[in-house]
Amino acid sequence: MPRQDQYLPEVLYTPESRLRHPIQLFREMGRDFLASRDLAWRLMVRDISSQYRQSLLGIFWAFAPPIVSAIGLTLANNAQIVNIGETSIPYPAYVMFSMSLWQTYVEALNGPVQAVSAAKPMLAKINFPREALVLARLGQVFFNFGIKLILIVGLFLFFQIPVTPSVLLAPVALLHLIALGTAIGLWLTPISALYEDVTKGLTLVIGAWLFFTPVIYPQPTEGLFATLVRLNPVTPLLVTTRDLATQGIIADPQGFWIASGIAIIGLLVGWLVYRVTMPFVIERMSA
Amino acid sequence: MVKIPEYEVITPSLQPLGDNVLLSVQGVSKKFCRSLKRSLFYGLQDIATELTGSRRRSAKLRSKEFWALKDVSLELRRGEALGLIGVNGSGKTTLLRIISGLIKPDTGSIRIRGRVAPLIALGAGFSPVLTGRENIYANMSILGLTTREIDRRFDEVVEFAEIGEAIDAPVQSYSSGMAARLGFSCAIHTDPDILLIDEVLAVGDVKFRSKCERKLGELRKQGTSFVLVSHAFQGILNVCDTAAYLSKGHLIASGDANSILAQYEQDLFSIKSDRSSIPFVLPEKPAAESAGADLISVYFRDSQGKLIESPISGESTYFCVKCRAVRKINTLSLFLAIYQPTRDNCLALHMSSAYDRETFEVLPGEHELRVYMPCLGLLPSSYTMNVYIKDGSLYTMDAHESIRFTVQGNDKLNRGMFYQQREWQVLQSPPF
């Protein structure tokens with residue numbers, strides 16, 4: 001089959017920073033984003049099926065963590081060991097729902113870092129659209145949330161929690177929450193691929209972060225702690241998602257939009273960072 | 001010494017690529033760092049400069065860095081096959097990785113037309129618990145095919161890989177040969193314009209290997225270009241017509257594959273530069289370490305008994321070993337083993353006087369022990385020889401390994417395995 005060489009796509013590699021040709025860079029980003037959908041889907045299917053094929057209990061593992069923490073915390077609360085205060089919906093449901101959201105956020109945050117570290121051999125040897133790795137992880141985050149959704153629907157039915165039409169808006173807030181996690185993940189990915197410290201530090205930070213987010217307790221209203229919790233960008237996004245699903249009101253619309261802005265701009269810039277730094281990371285991880 | 005002015009990174013002028021040129025490498029350099037800690041730190045530095053969009057001073061070495069590639073320029077046209085040769089660490093793989101866009105060059109530029117398929121990693125992204133079928137889809141999408149394109153090629157891939165029924169079994173149950181075949185088959189069915197092959201042709205058994213070579217030949221006829229990295233001389237000669245020779249990151253020579261390989265071979269065994277290698281004089285041994293007889297030197301003689309530096313194919317030749325016996329030896333024997341490094345170090349010739357039931361009784365003193373070959377069967381090439389002198393066929397008294405020498409030829413007769421002495425004739429009216 002004779003090919004017309006002059007019509008073939010041409011690629012140029014130079015030492016110059018790609019940020020010096022932003023228009024071309026953005027065009028390439030767009031092209032690779034579109035080109036990576038197919039691959040991202042394949043990678044996601046591959047990862048999910050190999051994960052479940054090697055597991056006897058399967059989706060139980062998606063349900064288990066929120067259930068276990070809910071049981072533990074409810075017992076502690078009932079025994080007055082911890083003093084949680086009044087929650088808008090029954091406490092076990094509150095914890096399970098919030099934990100599912102928090103976990104989704106953490107998965108989104110860890111996604112890019114873990115995806116790159118798992119795909120190191122592939123990255124070092126094949127030039128494929130790097131976006132696919134992140135998209136595949138995002139797909140997994142949504143898939144896992146979908147499973148947790150079964151649990152959440154079960155909870156709502158069991159505790160007979162009323163829902164308002166605003167529940168339909170909850171996914172938007174959830175998307176912003178995932179965007180924030182992915183953004184932070186993308187920012188950390190280049191450094192984490194070079195230094196192991198990032199992964200170790202991340203585990204530590206996430207553990208502490210949970211306590212500054214109203215997940216197992218309702219949002220505090222006064223004191224230094226309340227200020228810290230309010231300054232945490234996860235707070236407005238997580239609380240809004242929960243409020244939209246359970247109460248139909250947005251307690252802090254301003255905070256929500258500020259956090260959303262941070263999330264979306266952070267995501268776009270994070271994508272750029274991830275993309276232009278990947279060749280340097282690959283060079284160092286297998287030199 | 002003239003100092004070359006230090007240059008900043010120059011944006012290459014974008015002239016259209018020449019006719020049929022698919023790959024153009026212009027003055028490409030790449031530096032690496034020997035210390036991991038520093039390398040990671042430099043990585044961080046590079047990332048920071050890249051993100052601020054400032055100019056990297058990439059043409060300069062930082063402390064503990066070295067040039068893994070320096071000023072390499074190449075061109076590859078449609079349907080051409082280029083062999084990259086050089087010892088380990090000469091920068092062949094680095095060049096392939098820059099061409100495939102995995103890492104950025106530090107100077108120079110690379111322009112590529114069309115789809116590049118790397119046969120660098122076979123079966124990249126194979127998940128061991130998934131079936132062959134699922135892995136084909138995953139692997140080929142990593143190589144850049146859409147689902148529809150994979151659907152169209154699927155049967156061909158399976159057939160080529162000779163997987164058969166096992167296609168629905170998990171890949172971890174495959175033999176290593178099967179997995180490699182599947183990986184090769186996936187990579188080769190992506191319809192690339194340029195195929196980068198990094199010493200992966202050694203997968204599978206002989207039958208599959210020759211099938212791969214046939215397939216590569218077919219692809220070449222259709223206009224696919226190749227860049228092949230290999231140590232195996234035969235592999236390069238079978239596939240490539242041009243070659244580029246890298247040494248310590250520098251492009252030493254490029255051009256016709258046969259002559260470049262000859263140059264590489266000569267450098268590799270440093271025969272030309274080291275003329276005194278034959279007669280090969282061995283270091284003297286202290287008397288206390290002697291086991292009865294010691295090797296003194298190794299050399300060749302022609303049919304007249306004249307010393308020669310390198311024997312000639314087809315001529316009568318003596319391989320001689322001078323040795324000193326420190327006591328009377330009843331059954332002195334000579335073993336010679338000759339290996340050919342250019343053919344995976346295979347044993348080209350093995351001769352033993354003891355196996356031929358020829359042993360010698362010698363008195364203390366110096367002796368020349370030699371084997372006469374009426375017609376030397378070794379082809380012109382480089383060889384290494386192991387020499388053993390023994391008492392009987394088991395008791396080794398002295399030995400020396402890897403003595404390098406070359407065999408010259410009167411004609412270019414490096415095809416086949418050995419030199420056959422012959423006469424050509426024609427008979428008038430044969431009797432039957």
Side-chain angles (χ1 to χ4, degrees), chain A residues 1-3 5-22 35-43 45-47 49-54 119 121-129 132 190-191 193-195 269 272-273 276-287, chain B residues 9 11-12 14 16-17 19-20 22 32-33 39-40 42-44 46-47 49-56 58-59 78 97-98 100-116 118 120-121 124-125 127-130 134-135 137-138 141-144 146-147 193 222-223:
Chain A
M1 176 172 61
R3 281 176 258 215
D5 287 346
Q6 61 267 36
Y7 298 125
L8 285 173
E10 198 180 307
V11 198
L12 172 74
Y13 300 121
T14 65
E16 256 196 321
S17 169
R18 283 190 280 180
L19 289 175
R20 297 185 82 88
H21 304 283
S36 60
R37 289 171 307 173
D38 238 15
L39 174 56
W41 176 257
R42 283 282 154 221
L43 290 177
V45 170
R46 180 196 73 174
D47 290 344
S49 24
S50 44
Q51 202 177 311
Y52 281 102
R53 212 162 289 179
Q54 269 188 311
M122 225 165 85
L123 281 166
K125 282 169 178 151
I126 295 179
N127 192 0
F128 57 93
I191 314 169
L194 292 180
Y195 290 104
V269 180
L272 198 79
V273 169
V276 297
T277 56
M278 251 358 221
F280 296 97
V281 168
I282 289 166
E283 177 184 330
R284 303 293 164 181
M285 69 192 185
S286 57
Chain B
V9 177
T11 318
L14 275 179
L17 285 173
D19 254 0
N20 287 330
L22 290 189
F32 281 148
C33 181
S39 168
L40 294 177
Y42 287 152
L44 218 55
D46 289 348
I47 286 174
T49 23
E50 176 84 11
L51 285 179
T52 51
S54 47
R55 290 184 186 274
R56 258 187 324 142
S58 52
R78 175 158 295 289
R97 295 182 70 206
I98 295 178
S100 52
L102 292 168
I103 56 182
K104 289 180 80 163
D106 280 326
T107 70
S109 67
I110 283 152
R111 294 171 72 189
I112 297 160
R113 258 189 201 155
R115 191 206 291 269
V116 178
I120 303 176
S127 165
V129 291
L130 296 187
E134 288 163 313
N135 271 311
Y137 277 92
S141 356
I142 292 170
L143 292 170
T146 60
T147 306
D193 296 289
Q222 290 163 17

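Lettering follows sequence order; numbering is per chain, from 1. Quick caveat: nothing in here was measured; it's all calculated off a predicted structure.
Between the CZ atom in A/F280 and the OG1 atom in B/T49 there is a gap of 6.5 Å [rounded to 0.5 Å]. With rounding to the nearest 0.5 Å, the separation of CG in B/L102 from OH in A/Y13 is 8.0 Å. Taken from CG in B/L143 to CD1 in A/I126, the straight-line distance is 4.5 Å, to the nearest 0.5 Å. Distance CZ/B/R111 to CD/A/E10: 4.5 Å, rounded to 0.5 Å. Between the CZ atom in A/R20 and the CD atom in B/E50 there is a gap of 10.0 Å [rounded to 0.5 Å]. Here the straight-line distance linking atom OH of B/Y42 with atom CZ of A/R284 works out to 9.0 Å at 0.5 Å rounding.
For the options B/I142, B/T146, B/I47, heavy-atom pairs under 4.5 Å to chain A are most numerous at B/I142. Of the listed residues B/I103, B/L40, B/L44, the one with more heavy-atom pairs under 4.5 angstrom with chain A than any other is B/L40. Counting heavy-atom pairs closer than 4.5 Å to chain A, the top residue among B/G101, B/S127, B/G144, B/A138 is B/G101.
Under the 4.5 Å side-chain criterion, counting only non-hydrogen atoms from C-beta, B/F32 is in contact with A/E283.
Counting all heavy atoms, side chain and backbone alike, A/E16 lies closest to B/K104 at O-NZ, 2.7 Å. The heavy-atom pair separating B/S141 from A/R42 by the smallest distance is OG-CG, 2.9 Å. Summarising the geometry of A/T14 relative to B/S109, their closest heavy-atom pair is CG2-CB, 3.8 Å, with the distance given to 0.1 Å.
Heavy atoms closer than 4.5 Å to chain B are found in both the backbone and the side chain of A/L39. Contact of A/R18 with chain B is made through backbone and side chain together, with heavy-atom distances under 4.5 Å.
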